[in-house]
S.K.: 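Pasting a structure here, questions to come.
Ligands are counted one by one from 1 in listed order, and the atoms in each one are counted from 1 as well.
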Amino acid sequence: MSANNLIPTPDNWYWPPSQNIASVEINDNAILVLWDNDKRSTLHPLWLRDNCCCALCLHQVTRENLLDLRDIPADIQALSLEIDAEGALCITWPERSHVSRFNPAWLYANSVQPPAPLVSSEFWGTAQLPEPPTFYALDGLISDALLYDVLVSVGRHGLARLRDLPTDLELVEDFALRIGAIRETHFDRIFDVISKADGDSNAYTSEYLAAHTDIPTRESPPGIQILHSRVADAQGGESLMTDGFKVAKDIEQEFPGHYKTLTSTKWCYANRAGPKDYRWEAPTIGLDDAGKLLEIRMLPFSRAPLQGSFEDIKEAYAALRCYMEKANSPEYQMSFPFKAGDLIIFDNRRILHGRTAYDPNSGDRALRGTYLDRDDVLSKIRQLQRQFLSDS
Ligand code: OGA
Ligand code: ZN
Ligand code: ZN
């Protein structure tokens with residue numbers, strides 16, 4: 001893979017060379033590393049010993065730990081330190097002269113400067129992105145390089161469109177399985193979005209669908225949705241897509257009171273067609289522990305009654321209306337025809353999707369879809385990066 005990988009890392013990943021170690025010393029049980037850019041790391045011996053990736057401490061095939069924390073003396077201290085000819089930090093420990101070797105790029109990334117995120121999100125309105133980032137299959141085929149670009153676009157913009165695909169029934173499942181394992185829900189594993197008399201969702205009618213995320217009725221809604229257009233002969237049925245994170249960010253600036261409500265008031269969504277009875281309560285805008293945007297949950301046509309005082313209900317509706325108005329306005333919502341052979345893949349916990357009504361008497365319309373989880377996309381991006389590196 002590369003010379004740098006002569007020095008192993010716990011994940012066996014290629015860590016591009018970054019900083020070299022200028023000097024190292026032990027001070028009062030801490031291992032002090034001075035880097036050649038003058039930055040310093042103060043490393044705990046327990047942390048270093050725990051991260052040893054030699055064959056005794058880490059299974060070399062599973063890349064899982066063999067070393068058990070309980071077997072490391074709680075008061076462990078390094079016996080001696082050395083920087084070897086390849087620049088690795090070598091530490092000898094008292095137990096049977098055990099030696100750990102640390103790749104400097106790995107050590108730097110894990111103690112000074114974490115690597116840049118795999119993909120950085122870019123929030124968009126229609127001024128920035130009037131239509132989905134679009135990629136074209138070649139002779140109906142999706143190469144790994146094309147798949148990589150598609151997945152990076154999903155990470156960055158929350159969505160991608162692939163065109164010029166065949167309209168086979170198997171396509172959407174085959175495509176999803178190239179990325180990860182299908183995330184099954186209480187709807188069909190692979191579902192056909194067609195107008196039918198006995199559907200258990202408004203999606204299975206020809207009605208207009210306002211901007212929504214699928215299945216917030218579940219504790220963990222599917223992270224990725226894939227829709228493949230197989231037949232597009234009906235009048236209408238245009239696709240609608242909104243960056244829910246951009247809407248959230250703009251509401252935070254323009255209407256901070258509503259933002260507070262949207263991040264705290266829990267709405268309940270319920271699948272009521274029975275016999276299944278999934279329901280879950282959560283805020284419209286979900287934040288992570290650091291207060292960063294984690295997810296949007298909004299399915300207007302599956303919303304259950306809100307519990308709360310008269311005043312709380314007034315504000316909850318006002319805030320939700322504010323979100324829905326933006327999410328369905330041309331400033332935020334792109335609208336584009338969904339042609340046969342097109343496939344859309346998007347982050348169902350960030351991007352709100354919808355469609356205009358269509359006339360089922362004017363012709364057929366058939367989409368086929370399925371779900372994955374968000375981290376399937378991230379894992380596949382890493383896997384492809386690794387594959388491209390080893391090919392090069
Ligand atoms: C759905 C859905 C959009 C469409 O199936 O959840 O929103 O274009 N479909 O039919
Ligand atoms: Zn070891
Ligand atoms: Zn939907």
S.K.: Taking the Zn ion (ligand 3) as the vertex, how big is the angle to NE2 in H212 and NE2 in H353, rounded to 10°?
M.R.: 90°
S.K.: Please determine whether C54 has a backbone or side-chain N, O or S atom lying under 2.8 Å from the Zn ion (ligand 2).
M.R.: yes
S.K.: Parallel, tilted or perpendicular: which fits the ring planes of H212 and H353, with parallel below 30° and perpendicular above 60°?
M.R.: tilted
S.K.: Under 3.5 Å between any N/O of H353 and any N/O of ligand 1: does that happen in this structure?
M.R.: yes
S.K.: How far does CH2 of W124 sit from CG of L159, to the nearest 0.5 angstrom?
M.R.: 5.5 Å
S.K.: So does E281 pair up with K266, basic N to acidic O under 4.0 Å?
M.R.: no
S.K.: Is ligand 1 under 4.0 Å from a heavy atom in the side chain of E238, in the backbone, in both, or in neither?
M.R.: neither
S.K.: Less than 3.5 Å apart, any donor N or O on the side chain of N202 or T205 sitting next to an acceptor on the other?
M.R.: no
S.K.: Taking 4.0 angstrom as the limit and counting only heavy atoms of L209, give me the atoms of ligand 1 inside it, by number and element.
M.R.: 2 (C), 7 (O)
S.K.: Could you find the nearest protein heavy atom to atom 8 (O) of ligand 1 and give me its residue, atom name and distance?
M.R.: R365 NH2, 2.7 Å
S.K.: Check ligand 1 against V193 and write out every atom of the ligand that is under 4.0 Å from a heavy-atom position of the residue.
M.R.: 5 (O), 10 (O)
S.K.: Report yes or no: do N271 and H186 form a side-chain donor-acceptor pair below 3.5 Å?
M.R.: yes
S.K.: Which angle, to the nearest 10 degrees, do you find at the Zn ion (ligand 2) between NE2 in H98 and SG in C52?
M.R.: 110°
S.K.: Does a donor on one side chain sit under 3.5 Å from an acceptor on the other, for D192 and Y204?
M.R.: no
S.K.: Heavy-atom distance under 4.5 Å between the side chains of D342 and F336, does that happen here?
M.R.: no
S.K.: Could you tell me, atom by atom, which parts of ligand 1 come under 4.0 Å of a heavy atom of H212?
M.R.: 6 (O), 7 (O)
S.K.: Between the Zn ion (ligand 3) and D214, which N, O or S atom of the residue is the nearest one?
M.R.: OD1
S.K.: Quick check on contacts: which atoms of ligand 1 are under 4.0 angstrom from a heavy atom of L367?
M.R.: 4 (C), 8 (O), 10 (O)
S.K.: Considering only NZ, NE, NH1 and NH2 on the basic side and carboxylate oxygens on the acidic side, decide whether R365 and D233 come within less than 4.0 Å.
M.R.: no
S.K.: Do me a favour and list the nearest non-hydrogen protein atom to atom 6 (O) of ligand 1 with residue, atom name and distance?
M.R.: D214 OD2, 3.0 Å
S.K.: With a 3.5 Å cut-off and no angle check, do the side chains of E315 and H258 form a donor-acceptor pair?
M.R.: yes
S.K.: To the nearest 0.1 Å, how far is atom 1 (C) of ligand 1 from its closest protein heavy atom, and which atom is that?
M.R.: A203 CB, 3.7 Å
